[in-house]
Student: 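Please see the structure below; I have some questions.
Each ligand, and each atom within it, is numbered from 1 in the order the structure gives.
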Amino acid sequence: MSEPVEKKLRLATTSLAGCFGCHMSFLDIDERLLELLPFIEFDRTPLTDIKHCGPCDIGLVEGGVCNAENVHVLREFRKNCKLLVALGACAATGGLPAQRNHLDLADCLQEVYVTEASLSRGGIPNDPELPLPLDKVHPIHEVVKVDYFVPGCPPSGDAIWKFLTDLLAGRSPKLGHGLISYD
Ligand code: SF4
């Protein structure tokens, strides 16, 4: 990558109904993170202590949408990020967590919190602080417009590096052979 730019691109990331594996893969770009730093600054991410997404150039979203808080955060990202990116299989399709879409939500909660004796601790949680689960797990494009999809569970560090460096160079991101996977 070339000389530091005058204005850095501001980057936000979040994990909705994700497992943080896509973020771990982002960190898998390893020492190249240091090469990125002259070109980007972080807004809200699990790596910073910023609580709300402010105006950003790029928002990377890991995870599908499984509860009311996910919807709120996703809309905040869409409102503030010029480019919104579905990072990984969960954001793009709902991923493995969407397997629960074949089941009845009330049955799932009953099974986990009431029927399963080893987990039972006074019934289904109902504290108003807890976000209400949605009936189904949704890919993020069913809630907001998405500009780019980076497939994989997770996408490799190399794929994320190529994607970001293409964007930083002002190119349309192209992952190409060897960087696209769906597992
Ligand atoms: S796509 Fe895979 S690695 Fe990424 S959040 Fe979903 S389950 Fe985790």
Student: Tell me whether R32 is salt-bridged to D158, with the criterion being a basic N under 4.0 Å from an acidic carboxylate O.
Tutor: yes

Student: So, 4.0 Å and heavy atoms of P97: is ligand 1 close enough to count as a contact?
Tutor: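 P97: no contact with ligand 1 (<4.0 Å).
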
Student: How long is the straight-line distance from OH of Y148 back to CD1 of I58, given to the nearest 0.5 Å?
Tutor: 9.5 Å

Student: Charged N to carboxylate O under 4.0 angstrom, D147 versus R78?
Tutor: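 Between R78 and D147 there is a salt bridge, with a charged N closer than 4.0 Å to a carboxylate O.
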
Student: From L11 CG over to C56 SG, what is the distance, rounded to the nearest 0.5 angstrom?
Tutor: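 If we round to the nearest 0.5 Å, L11:CG and C56:SG are 7.0 Å apart.
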
Student: How many angstroms lie between CD1 in I180 and CZ in F149, if you round to the nearest 0.5 Å?
Tutor: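 Between atom CD1 of I180 and atom CZ of F149 there are 13.5 Å.
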
Student: Need the ligand 1 atom indices (1-based, order shown) with element for anything under 4.0 Å from a heavy-atom of G152.
Tutor: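 Atoms satisfying the 4.0 Å criterion: 1 (S).
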
Student: Counting only N and O atoms by type, is there a donor-acceptor contact under 3.5 Å from the side chain of K162 to the main-chain atoms of K174?
Tutor: yes

Student: With sequence neighbours excluded, what pairs up with F42 under the ring pair (Phe, Tyr, Trp, His ring centres under 6.0 Å) test?
Tutor: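 Once residues adjacent in sequence are excluded, F42 has no partner under the ring pair (Phe, Tyr, Trp, His ring centres under 6.0 Å) criterion.
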
Student: Is any protein N, O or S atom closer than 2.8 Å to atom 8 (Fe) of ligand 1, and if so, which?
Tutor: C19 SG

